[in-house]
Amino acid sequence: MTVRSLADVRDEAAVEDSADVVVVGSGASGAVVAYLLCEAGLDVVVLEEGPYVRSEELRSDMYGSMRRMWRDGGFQVALGRAVTPILQGRCVGGTTVVNGAIIHRLPEPIHAAWQREHDLGSALPYAELMRASDRLDELLGVSPTPEPVQGNNARLLHRGLDELGLRGNAIRRSVIDCRGSAHCNQGCPTGQKQSMLATLIPHALERGARLYATCRAERVVGQSGRAVGVRARFVDPVTRERGPTLRVHARHAVVLAASAIQTPLLLSKSGFGRRSGLVGRRLQAHPGTALVGVFDQPVRMTVGATQGYESTHHWAERMKLETVSMPVELLAARLPGLGHALTRQLERHDHMAVWGVQVRAQAQGGVRAGLFGTDIRYQLAAEDVAVLKRGIFLLAELLFAAGAREVLPGVHGLPPSITHLDQLAPLADLPDDPRLVHCIAAHLFGTARLGSAESTSVVSRQLEVHDCSGLFVADSSVFPTNLGVNPQHSISAVAWLLGEQLVERVARGRARLARRAS
Amino acid sequence: MRQLLFTRGERRRVITLCSATLPAGAWVERPERVLGAFLQDLIATAPLSTLLGVKVFGWLLWLCPLVVLGRPRSFGGLAASERQLLLDALAAHRIYVVREMPLLFKALASFALLGLPESQARFGVEPRDITAPAWLDAAPGDAP
Ligand SMILES: Cc1cc2nc3c(=O)[nH]c(=O)nc-3n(C[C@H](O)[C@H](O)[C@H](O)COP(=O)(O)OP(=O)(O)OC[C@H]3O[C@@H](n4cnc5c(N)ncnc54)[C@H](O)[C@@H]3O)c2cc1C
Ligand code: SF4
């Protein structure tokens, strides 16, 4: 198993390597591609900007986890009329290490819309994506969250949905033997979560992949319109200590799997995919907000699965509801009150349930390199805020139906605490303004979208960058739209098909070379 | 180099603002020391845009009593009850950026203080960590 980090190469002037395929990023997309290529016997190098963190090193304090394993220490934001935190992991295993492990497949209506309206053509056939999802289910131990570890937060949502006659279900997650520590966002301390760090990355390493961690890809190197390698540098992502450069020669392909924020930045920096003018444009997301309910009986959010229960009942209306058991550090930021009023709220945190609504937003933003780092622009459209308001109302209704004695809506212009649903009626009259509530966005799409024409897309239907052969994009940058469900599995399924395509392509290339040689 | 971005005075102000949003003296021994170490770590590791936000919001909040309460004092010159009044007024303000100002310091204070074993014990968070967070152990020096 070869993992090299800054600490291992600090004294070297420069590092060089070569591989059949170089994969940039080790998250939901990159790990899958690396796994499939290694399974097929290819020589693979994976570059990962973040550190390699073992489960036993993980702790429960949120800041400690964020500074080490989250992009920009968790402080990355998008600017618009409101500031929206853009949450991403930055470590070996990518965001899957700190996410909720919720598994959903690509919704068929979304795939149909991509075919109908977004130039997907016959690429990424739905049946093939489902075949990939089946395999991923097996590899990641996907199953519904068992009742005993769901926790009271989940049980209460279940009750509320039943009371209102709405559909809900135990969340399917990529977790084996969950111990219900509610630590998914800090990283699973006992290794139950089947993140890419715990599954496909170790598989790939066992089959010969070489992983360079704390190693930031800076540019794809092209020659005569072909990707021939990647230039990178070892940098400690926390202290910013700079180490030597790394040059990796790619014999067959370079795959960008660095996420819908970082991939377009790399493309722009490398000067590829620019002809459509769409690199970094049309960023889509699932912005979400959370409501707090206060119950007479203890809820104990710190016991149970971080996210155990959900409802897709209103999916067609562009919203999805789920439980979100937050550590007290994050909960505090969501609670009303400052000073001693905040302390008093915290004293009853054990009686609080937190449920979120995420919106399949129509808004489109953008990402580019800025003066102080990554410049992300994103602003909810009025239609999206209207959906969010309906979601807030629905969550409050559910909380009361589940027995909450008080709901803390967190909406500017409304009382900080309500005891009856009627008190939420003025919400309808508030303007559809993104500054009404605090939203976060953790599901990101569309910044290097696929299509057949170079003028309207960045990558081809085979996910190859139009103006650079041998350069592929595996992450959700290529998605024409957002999904309305948690995206990890859809991203991995698309990466799976790309991985299989690359295996065939390399085999064909090798056969061609062999024929020529003979 | 990054540590030069905040003067000692600015650090003291940020610590005072954080302490006002989450007064933890009753259960954390010397919370200013923890906040000082946290701020030092934040300055070393956070993106420049975040630090710029902390700096600018810190100054605005420090100087706003004159505008908001009509008192010719800085935030540091206010009594505890007046500080509370000011923070509450800002958090409910009609201008978005103004309401965000105290919330930024509340978020920072929560990150710094609520992950400590003492805070977990105080609020009954189970299971509890036994040792202080690694960033606090590693932080050199004392509060400014
Ligand atoms: C808090 C949170 C909870 C979530 N919960 C869920 C959930 O429960 N279910 C779900 O389906 N989705 C969830 N998501 C979203 C999901 O995890 C992501 O959509 C998915 O992981 C994205 O996959 P990716 O491969 O595009 O990027 P990532 O998984 O983020 O991986 C990209 C990797 O590339 C690395 N990288 C970036 N730039 C470079 C560079 N220049 N050089 C080298 N490496 C680089 C990054 O450090 C990162 O590790 C959640 C997200 C967050 C933030
Ligand atoms: S709830 Fe705890 S044990 Fe279960 S997967 Fe998440 S972190 Fe691991």
Side-chain angles (χ1 to χ4, degrees), chain A residues 57 59-68 71-77 79 81-83 181 183 186 237-240 298 300-303 327-343 346-350 370-375 412-413 416 433-436 438, chain B residues 2 19-24 26-27 38 41-42 44-53 80 83-84 86-88 90-97 99-100 102-117 119-120 122-129 131-136:
Chain A
E57 295 172 54
R59 291 181 44 94
S60 68
D61 90 285
M62 195 67 215
Y63 176 67
S65 158
M66 284 168 58
R67 71 193 276 286
R68 194 151 180 224
R71 180 156 297 281
D72 284 350
F75 290 107
Q76 178 174 257
V77 294
L79 298 180
R81 286 170 80 193
V83 177
S181 67
H183 274 173
Q186 295 100 310
V238 180
T239 64
R240 295 187 173 73
R300 300 199 64 205
M301 272 199 299
T302 49
V303 177
V328 73
E329 298 98 300
L330 290 185
L331 177 66
R334 172 61 192 76
L335 292 175
L338 292 153
H340 293 294
L342 176 59
T343 318
L346 286 169
E347 269 159 6
R348 52 183 198 158
H349 81 94
D350 230 16
L371 200 57
F372 293 111
T374 307
D375 178 3
H412 176 66
D433 185 317
R435 293 167 296 190
L436 276 187
H438 287 109
Chain B
R2 274 175 154 247
S19 303
T21 59
L22 180 58
W27 70 89
F38 171 80
D41 189 73
L42 194 77
T45 59
L48 287 175
S49 49
T50 307
L51 298 178
L52 191 68
R83 286 181 179 183
Q84 183 74 49
L86 177 71
L87 290 174
D88 289 343
L90 294 176
H93 204 275
R94 65 188 169 77
I95 299 175
Y96 172 76
V97 184
R99 343 190 249 282
E100 289 304 299
L103 299 189
L104 174 66
F105 296 98
K106 170 177 163 178
L108 296 181
S110 302
F111 281 136
L113 296 165
L114 294 177
L116 302 178
S119 298
Q120 293 172 343
R122 164 72 173 81
F123 295 111
V125 174
E126 292 286 356
R128 213 171 286 169
D129 287 313
T131 53
W135 57 264
L136 182 56

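Per chain, numbering begins at 1; letters A, B, ... match sequence-line order. Just the heavy atoms: all of them, side chains too, but no hydrogens, waters or symmetry mates, feed the values below.
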Student: Run the side chain to side chain contact (heavy atoms under 4.5 Å, CB included) test on A/Leu346 and B/Leu114 for me, step by step, so that the C-alpha distance in whole Å, both residues' side-chain angles and the decisive distance to 0.1 Å come before the verdict.
Tutor: CA-CA 10 Å; A/Leu346 286 169; B/Leu114 294 177; 4.0 Å; yes
Student: Let me know if B/Leu108 has heavy atoms under 4.5 Å from chain A in its side chain, its backbone, both or neither.
Tutor: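 Looking at B/Leu108, just its side chain touches chain A.
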Student: So B/Phe105 and A/Leu338, side chain to side chain contact (heavy atoms under 4.5 Å, CB included) or not? Walk me through it.
Tutor: CA-CA 10 Å; B/Phe105 296 98; A/Leu338 292 153; over 6 Å; no
Student: Please rank B/Glu100, B/Arg2, B/Gln120, B/Arg94 by heavy-atom pairs under 4.5 Å with chain A and give me the top one.
Tutor: B/Arg2
Student: Where on B/Leu103 is there a heavy atom nearer than 4.5 Å to chain A: the side chain, the backbone, both, or neither?
Tutor: side chain
Student: So what's closer than 4.5 Å to chain B heavy atoms on A/His183: side chain, backbone, both or neither?
Tutor: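 It is neither, since no heavy atom gets under 4.5 Å.
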Student: Please verify the inter-ring angle class for B/Phe111 with A/Phe75; under 30° counts as parallel, over 60° as perpendicular, anything in between as tilted.
Tutor: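 Because their plane-to-plane angle is over 60°, the rings of B/Phe111 and A/Phe75 count as perpendicular.
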Student: Given a strict heavy-atom distance threshold of 4.5 Å, which part of B/Leu42 is in contact with chain A: side chain, backbone, both, or neither?
Tutor: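 Both parts, backbone and side chain.
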Student: Within this structure, what is the CG-OG distance for the pair A/Leu79 and B/Ser49, rounded to the nearest 0.5 Å?
Tutor: 8.0 Å
Student: Can you measure from NE2 (A/His340) to OG1 (B/Thr21) and round to the nearest 0.5 angstrom?
Tutor: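 The distance works out to 11.0 Å.
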Student: For chain B, find which of A/His412, A/Arg67, A/Met62 contributes the most heavy-atom pairs closer than 4.5 angstrom.
Tutor: A/His412
Student: From A/Tyr63 OH over to B/Phe38 CZ, what is the distance, rounded to the nearest 0.5 angstrom?
Tutor: 5.0 Å
Student: Given 3.5 Å as the limit, does a donor-acceptor pair link the side chain of A/Glu329 with the main chain of B/Ala112, or not?
Tutor: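 The answer is no, because no donor-acceptor pair under 3.5 Å joins these two groups.
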Student: Are the side chains of B/Arg122 and A/Thr343 in touch, meaning some heavy atoms are under 4.5 Å apart?
Tutor: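 Yes. Closest side-chain heavy atoms under 4.5 Å.
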Student: Please classify the contact between A/Arg300 and chain B as side chain, backbone, both or neither, with a heavy-atom cut-off of under 4.5 Å.
Tutor: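 Contact with chain B involves the side chain of A/Arg300 alone.
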Student: With a 4.5 angstrom heavy-atom cut-off, is it the side chain or the backbone of A/Pro336 that approaches chain B, or both, or neither?
Tutor: backbone
Student: Taking side chain as everything from C-beta outward and backbone as N, CA, C, O, which of these in A/His349 sits under 4.5 Å from a heavy atom of chain B? Side chain, backbone, both or neither.
Tutor: side chain
Student: Indicate the atoms forming the closest heavy-atom contact of A/Asp61 with B/Gly115, along with that distance.
Tutor: CB-O, 3.9 Å
Student: Between the main-chain N or O of A/Val83 and the side-chain N or O of B/Tyr96, is there a donor-acceptor pair closer than 3.5 Å?
Tutor: yes
Student: Which answer fits A/Leu371, side chain, backbone, both or neither, if we ask what part of it has an atom under 4.5 Å from a heavy atom of chain B?
Tutor: neither
Student: Rounded to the nearest 0.5 Å, how far apart are CZ of A/Arg435 and CZ of B/Arg99?
Tutor: 7.5 Å
Student: Side chain, backbone, both or neither: which part of A/Met301 has a heavy atom under 4.5 Å from chain B?
Tutor: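 Contact with chain B is absent: no heavy atom of A/Met301 under 4.5 Å.
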